[in-house]
Every structure is written in C-alpha cells, then in structure tokens.
Amino acid sequence: MGSLLGRSHGWDRLTVNRGAATVHPLATRSAMRILQSGGNAIDAAISASLVLGVVDGHNSGIGGGCLVLIRRSNGQILAIDGRETAGQAAHEGMFLRDGKADPKLSQDGPLACAVPSQIAAIKHMHTQAGRLPWRELFEDAHKAAFDGAPASKSIGRTIAAEADQLRKYPASKAIYFHADGTPIREGEPWVQKDLASTLQNIADHGAEWFYEGPFAKACADYLESIGGVLTRQDFLAYQPKERAAIRTKYRNYEVIGFPPPSSGGMHIAQMLMMLEPYPVGAWMRSRPDAYYHLLCEAMKRAFADRAHWLGDSDFVDVPQGLLAPEYSVDRMADFLDSRSTDGIEHGWPNGVLEREILSSEPSPGEDRKHTTHLTAADEEGNWVAMTCTVNTSWGCKVTVPGTGVMLNNQMDDFSIAPGTPNAFGLVGSESNAVAPGKRPLSSMSPTIVLDSTGQPVLTAGAAGGPRIINATLQVLLRVLDGGCSVAEALAAPRVHHQWRPDQLLFEDQTGIDSPWAITPETRQRLSAMGHPLKASGALAISQAIHRQGNRLAAAHDPRAQGASES
Ligand code: DON
C-alpha cells in the first residue's frame, strides 16, 4: 500500500491520503487512477462503478441502480437515491397468476425489471460534486469492455449457475456463451463490444442518450416484444432523488445512513440504539456468546419492524418514531440476557397515531446546489459510500439487443404478495407493495461515521440483500467498539438473523483467518439460549475505509476477490 500525501482542505490541519476499495482490482485501480489524475472521490466512485458494471456485471451495472452517500469536503452530506422505479403500468397484482404469487415472474424475465437508474444517479453525483469531465469517467469502463478483461471467478460461476435462464434471451446468449453454446469461464478473455459502444454513446451524448434517446427506445420496444411493461415514458420520467440522510448518535460518533427507500440506515441506527446501553466491545472480546445473543435479539426486533413499517416513503408513511431512543429502550424491554425471545412482532413507535412521519426530503435550508459496495475517499475530505446493484445475479437475465445492457430484477424487492418471501426470504407488508412509480424497499446501507469533531472517520457498506444491514452493523461495531483495524473488522466472522425465517445464521468455513472465529463452545451456548443456529457460507461482502489520525486505511472483503488501495 503506497502512501500518497496530498493537500489539506476542510481537514483542520489533517493531512490524509486517498483510498478506494471495491470487489474488483480493475475498478479499484480505476478509482485510484482518477484520484491521482486530479479527480475527487466522487469522480473516482463514478468511474469505479462503471468499470464494475463491465467486469462484475452479475452484481451491478448500468441496467441497475444504486444508493450513494457522499460527505463533501465542506461537510455537506448528500444522499442520492438512484433506486430503480416501477413503471406506470406496474400494479399490485402483476405477479399473481390464478390468485397466487409467482416469484419466478418478479425474479426472471421482462416483468422483473424496474427503470434502470445508475446512469441518472451518477449524472446527479457528477453535476453536484464531480470535478473531471463526464467523458473521462467512462474511459476505463469503455476500455475494459472494448479490449476485454479476463472473466473473474464469480463471473464464471454465476454464468454457469444461471445458464438456463440466460440462454432464453438471444442477446444474453450471445454475450455470456461462446458460439458453440458453452458458457464463458473464469480466466477467459471477455470482450463486450455492444456494451462498449453503449458506454461511448453515454460518454459522448450524456445521460439523455439513455433516458430520452436510443437506449430508452431499444429497451422499451424489446421489452414490449417479450411481454414487459416498461415504456419510453417511464424512462423519460425517471429522476434520481436527493434524500435527507438518517443522522443518529452512537457513543461519541454520528452515524449517517441511507433513508427509505432503503431500510438500511433506519435499522442500523435502530440496532445501534438498542446496543448502546451494553458493553459491546468487552463482550465481543471476552463473552462472544453474550455479544452474538445481543446482536441477534436486536436484529430480530429491527427486521420485524422492517417487514411491517418500511417502504418507499414517497408512497407510505414510515414512522419517525422508529428512530426515537425511547422506542429502542421500549423494544428491548423484553430482552433476556440468557434466553432467546420468542414471538417477536413489529413494535408500535410513538407518534404512529399522530402520523409523525419520517421526512426523506432534504430540509429547505440544506444546500442542494453542490452537491458495489464501493468506497473512495480523497485527501480533501470527500468520502463516498456507494452501493450499486442489479439485484440477484444477472438481474432479470434479459439483455437489451444491440446494447450489451443486462437489466435488473429489482421488482423482486417489492413484497409481491403479503407473506410471500422474495429471493432473500424477506417478507413484507402493504408498505412495500408494488405500485406505479414506486421504488422497491432496499437493504443497501452505504454508511459514513463522523467523529466528535464532525470529521469522517469510517465508512462501510455491503452487498448481500438483507445481510447487508447486519454485516455493515458488525463492521461498524468491530471498529468503533472492538478497536479492530478495518481489515480485521471485515475478516471477522458474521452472524445474521432477519426475523423470518427464525434462524440465526453464522459463518462457518469461509476459509478466512480471524482470531474471532465463532467457536463450537460459543455455538453451544447460543443454542442453549434457544437460538436456532444454522451454518452459512459468506454473509455479505463489505468494503470499508477507516481514518486513524491522519492515515486512511481502505480494505476490501476477504470473502471476494476485491482490491483496496490507500
Ligand atoms: O436493494 C437490495 O436490498 C437488494 N436488491 C440488494 C441485492 C444484493 O445485495 C445482492 N447481493 N448479493
């Protein structure tokens, strides 16, 4: 890791270096190249996200969306909601057949995609806070698509896993398979000429080419021909939104999270409030059973609330009271320190009857002019936490012919019918039902933590559906309470409970070396407390940056073949 000392702006005499972390070495390299050639962290994040869409397209891409949290060097916080949006023809019954929910329809094929939103979001990021010319931010992604890059292990694995669905769509078949029908494998050079040309067009002609011009037309026409419902009008209407970030105190820190349509910021804040009265750091080190028991109980309560109350706050009333410290006390009133609590249901935050609603509109006084999981920070004090997604691997598996763009399957993040679990086993209520123009509830949790002087000290976020929320929480706790370095925090094993199903997942045999391994003895104690334990592989993939004094340390999750530089 090389140190790159730079100027200090807005850092109160701190001289810090730069850093970036993503799940792919080419994307991290791109972010660092941009930082080294005069770009800021916003430019770096945009460029890295575009590269990821080429070399890591099963996870994210311009056919998907993103949520972006930015802390600018002047202290301003921007929460940019680049979430995909349901088309005007979408409706509550669209995934029902003969009165029964059919999750195949919300997961694969033309009905599963919502309006892609990453290009609109990065345009907004760039306009508000970027520095380098727009075109320059597309260079690395274009090169990776045009010249080709070796297919990564996860590209090879996910093409093979989704081969049957991908083969159904001729443009997907042409990109993800050789002419003889065999799938692209790990290590093979992989050229994506159509995607290169799409990127070039957006670089040359702007986001309008995507939303108002040839892409919107090609996409809407093709979807119509195969039974989809998105229209050119839906593309024209798409707007990213600036939201008011969720800002709460945790010990001596201020934690900044992403508001609805994500549930991440809300539930990380809620769980931190539930945990704050307890000696989290001491238990982590010397009483791991007590630590994991406490975590699990907070997770169950938060996810029960998520299932009932959370949805797109432009459509449903999300109670402000969920964030009240008294509510967390109330929620934990039945916590037993040596027994799993049974029968947890959602709570009733204060103010529900008075309809005190969380406002996700930035306040009028806020300056709106300036202004995978990947992360970048520059020497001026700009920090970016950005989570991009097409939802599950290769989204809806439909590639728009002639464009190389794979579309998302974000409609599955809606609750397609009460009680019907989505691809991540999440159930939801009317709050997250499908409606025209609505954004599906997300778990993406880009998070930035400020120290007591208001300077950024830590940022984290993750991929992994609902596991994002709990993984991000655990990374924060390992650093803030456990005193771990950010690399140790990412390597530490994780647990996950999402209320339904009633199951405490713990990471086992991930092959990652950590002094914090969850031992058989800890598991036995948790079982004895009544927790239904289940061994799991990797629980989420997280990237993070931590500042210690004037040094930034960027780290990528050892569960993926990522890269970090600082
Ligand atoms: O927004 C969400 O919560 C999901 N669409 C995220 C999907 C995800 O993290 C997939 N990763 N494994």
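Remember, it's 1-based here, ligands and their atoms both numbered in the order they're listed. These values consider heavy atoms only, across backbone and side chains, with no hydrogens, waters or symmetry-generated copies. This structure is a prediction, so every number in the text was calculated from the model and none was measured. Each residue takes its place number in the sequence, starting with 1.
- The Arg83 neighbourhood of ligand 1 comprises atoms 1 (O), with distances under 4.0 Å to a heavy atom of that residue.
- With hydrogens left out, the protein atom closest to atom 7 (C) of ligand 1 is Asn391 OD1, 3.4 Å, a heavy atom.
- Of the candidates Leu67, Val68, Thr459, Met386 forms a side chain to side chain contact (heavy atoms under 4.5 Å, CB included) with just one, namely Val68.
- Polar contact check, Gly464 against ligand 1: a nitrogen or oxygen pair lies under 3.5 Å apart.
- A cation-pi geometry, defined here as NZ or CZ lying under 6.0 Å from the six-membered ring centre and within 45° of its normal, does not hold between Arg185 and Trp190.
- Under a 4.0 Å N-O distance rule, the pair Asp81/Arg243 qualifies as a salt bridge.
- The pair Asp557-Arg494 counts as a salt bridge, with a side-chain nitrogen and a carboxylate oxygen less than 4.0 angstrom apart.
- Remark: minimum distance from atom 3 (O) of ligand 1 to any protein heavy atom is reached at Ser443 N, 2.7 Å.
- Taking the charged nitrogens against the carboxylate oxygens, Lys104 and Asp102 do have a contact shorter than 4.0 Å, which makes a salt bridge.
- Distance from atom 8 (C) of ligand 1 to its nearest protein heavy atom, with residue and atom name: Gly465 N, 3.2 Å.
- Atoms of ligand 1 lying under 4.0 Å from at least one heavy atom of Ile468, given by number and element, are 9 (O).
- Set against the non-hydrogen atoms of Met444, the atoms of ligand 1 under 4.0 Å away are 1 (O), 3 (O).
- Protein heavy atom at the shortest distance from atom 4 (C) of ligand 1 is Asp413 OD2, 3.1 Å.
- Although no hydrogens or angles enter the test, the distance criterion places a donor-acceptor pair under 3.5 Å between the side chain of Ser542 and the main chain of Gly461.
- Taking 4.0 Å as the cut-off between side-chain N and carboxylate O, Arg331 and Glu345 do not count as a salt-bridged pair.
- Set against the non-hydrogen atoms of Thr389, the atoms of ligand 1 under 4.0 Å away are 7 (C).
- Here's the thing with Ala463: none of its N/O atoms is less than 3.5 angstrom from an N/O atom of ligand 1.
- Looking at atom 1 (O) of ligand 1, its nearest protein heavy atom turns out to be Ser442 OG, 2.7 Å.
- Taking the charged nitrogens against the carboxylate oxygens, Lys241 and Asp314 do have a contact shorter than 4.0 Å, which makes a salt bridge.
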